Amino acid sequence: MSTMPNSEVPLPDHYTTLETAKLLGMAVRSIQLMVDRGELEAWKTPGGHRRISRDSVERWLRSREVGGASSAPGAAPMRGGFSGRPKVLLIEDSVHYQNLIRLLLEQQFPEVALHIASDGIAGLAMCGKLEPDVLIVDILLPGLDGAALITSLRSHAQFARVQLVVVTSLTEEERAPYAFALQGLPVIQKPALVAELPGALRTCLSAAVRG
């Protein structure tokens, strides 16, 4: 029987829960919850170990790229400069503010590839997949709030250089409970987005280039 050359070994058609968590940059518990909700297809081996369909993982990721622009084919960001278009990931559940920020970037930052996630869990997964140069995140999100998401990202070395901008409808007093996650980050109240976001994003993109 002939053996398949190493260069032709196919991709696995399933992952373990731990492999899926590493692939999406998420906690194992988050993956288990996604399976329970039917967002990922899974089955159990005779030994009781869960296996997750690779196709369902890829479909889930594609479904979360809501209206996001694609970066140039094969391009990836390089620290100390960009190869291709710089990538910005917006994690925001309001369609109104998604559209407003998309319009701002199209007008003032046409070189940027914008990707959008509508909830915290999807946003965390897309961070792991895209490794964006800049992350714009709302504090109050379904699934996983922005403060928890920011704290999770800061615990992973691979995201250490991602530039962060926080947007919120909360007043300074209302966001006091999230101060532990927001320390040192630019925070923009949503009524001031048009005036303040372009300057904050420009600063972040410059810092990403220097990084």
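The structure displayed is predicted, hence computed values, not measured ones.
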Heavy-atom closest pair (Phe180 atom, Ala147 atom, distance to 0.1 Å) is CZ-CB, 4.2 Å
Expected output: side-chain Arg85 to main-chain Val112 donor-acceptor under 3.5 Å:
yes
Quick check: does any side chain N or O of Ser152 sit under 3.5 Å from a backbone N or O of Ala148, one acting as donor and the other as acceptor? no
Here the pair of heavy atoms bringing Ala42 nearest to Arg50 is CB-CG, 3.9 Å
Here the pair of heavy atoms bringing Gly146 nearest to Val137 is CA-CG2, 4.0 Å
Go through the steps to decide whether Val88 and Leu201 satisfy the test side chain to side chain contact (heavy atoms under 4.5 Å, CB included), and finish with yes or no.
CA-CA 9 Å; Val88 173; Leu201 183 55; 4.2 Å; yes
* Does some side-chain heavy atom of Val165 sit less than 4.5 Å from a side-chain heavy atom of Leu185? -> no
Leu197 vs Leu104 side-chain heavy atoms within contact, under 4.5 Å
yes
Here the gap from Ile116 atom CD1 to Ile101 atom CD1, rounded to the nearest 0.5 Å, amounts to 8.0 Å
When every non-hydrogen atom of Met126 is compared with those of Ala117, the smallest separation belongs to SD-CB, 3.7 Å
Next on the checklist: Could you tell me if the side chain of Cys127 sits less than 4.5 Å from the side chain of Leu153, heavy atoms only?
Outcome noted: yes
Practice problem: Test Gln189 against Thr171 for side-chain hydrogen bond (donor to acceptor under 3.5 Å, both in side chains), laying out the working first. | Solution: CA-CA 7 Å; Gln189 281 196 280; Thr171 65; 5.7 Å; no
* Give a yes or no on whether the backbone of Thr16 and the side-chain of Glu19 come within a donor-acceptor separation of less than 3.5 Å. => yes
**Q.** Ser169 side chain reached by Tyr97 side chain, heavy atoms, under 4.5 Å
**A.** no
- request: Take Val167 and Leu193 through the test side chain to side chain contact (heavy atoms under 4.5 Å, CB included) and record every step on the way to the result.
  value: CA-CA 8 Å; Val167 297; Leu193 267 177; 3.6 Å; yes
CD (Glu92) and CD (Gln98) are apart, to the nearest 0.5 Å, by 6.5 Å
query = Is there side-chain contact between Thr45 and Arg51, with heavy atoms separated by less than 4.5 Å?
reply = yes
- Message: Strictly below 4.0 Å, N to O, side chains only: are Arg161 and Asp133 in salt-bridge contact?
- Response: no
Heavy atoms of Pro110 and Gln108 approach each other most closely as CD-C, 3.4 Å
**Item:** Derivation and outcome, side chain to side chain contact (heavy atoms under 4.5 Å, CB included), residues Thr168 and Arg175
**Value:** CA-CA 9 Å; Thr168 183; Arg175 60 179 182 259; 4.0 Å; yes
Between the CD1 atom in Ile136 and the CG atom in Leu164, the distance rounded to the nearest 0.5 Å is 10.0 Å
task: Taking the side chain as every heavy atom from C-beta outward, state whether Trp43 and Ser53 have any pair of such atoms under 4.5 Å apart.
output: yes
TODO: Show your reasoning for whether side chain to side chain contact (heavy atoms under 4.5 Å, CB included) applies to His115 and Lys87.
DONE: CA-CA 7 Å; His115 301 258; Lys87 290 186 282 191; 4.2 Å; yes
- Query: Are Val134 and Val194 connected, step by step, through hydrophobic side chains (Ile, Leu, Val, Met, Phe, Trp, Tyr) whose heavy atoms are closer than 4.5 Å?
  - Reply: yes
> Between Val95 and Ile139, is there a shared hydrophobic cluster once you connect ILVMFWY residues whose side-chain heavy atoms come closer than 4.5 Å?
Replying inline: no
Shortest non-hydrogen pair, Pro142 vs Ser118, comes out as CG-O, 3.8 Å
Is there a side-chain contact between Leu140 and Asp93, using heavy atoms and a 4.5 Å cut-off?
no
Distance col, row Asp145:CG vs Tyr178:OH, nearest 0.5 angstrom, shows 5.5 Å
Is there a side-chain contact between Val166 and Pro186 (heavy atoms, below 4.5 Å)?
-> no
inquiry  = Under a 3.5 Å distance rule, please check whether Asp138 uses its side chain to pair with a backbone N or O of Leu141 as donor and acceptor.
reply    = no
So OG of Ser56 and CD of Glu41: to nearest 0.5 Å the spacing works out to 5.0 Å
Partner of Leu135 under side chain to side chain contact (heavy atoms under 4.5 Å, CB included), picked from Leu149, Leu90, Leu130, is Leu149
For Leu18, the other hydrophobic cluster members (4.5 Å side-chain criterion, sorted by chain and number) are Val28
Taken to the nearest 0.5 Å, the spacing of Ser155 OG from Ile150 CD1 works out to 12.5 Å
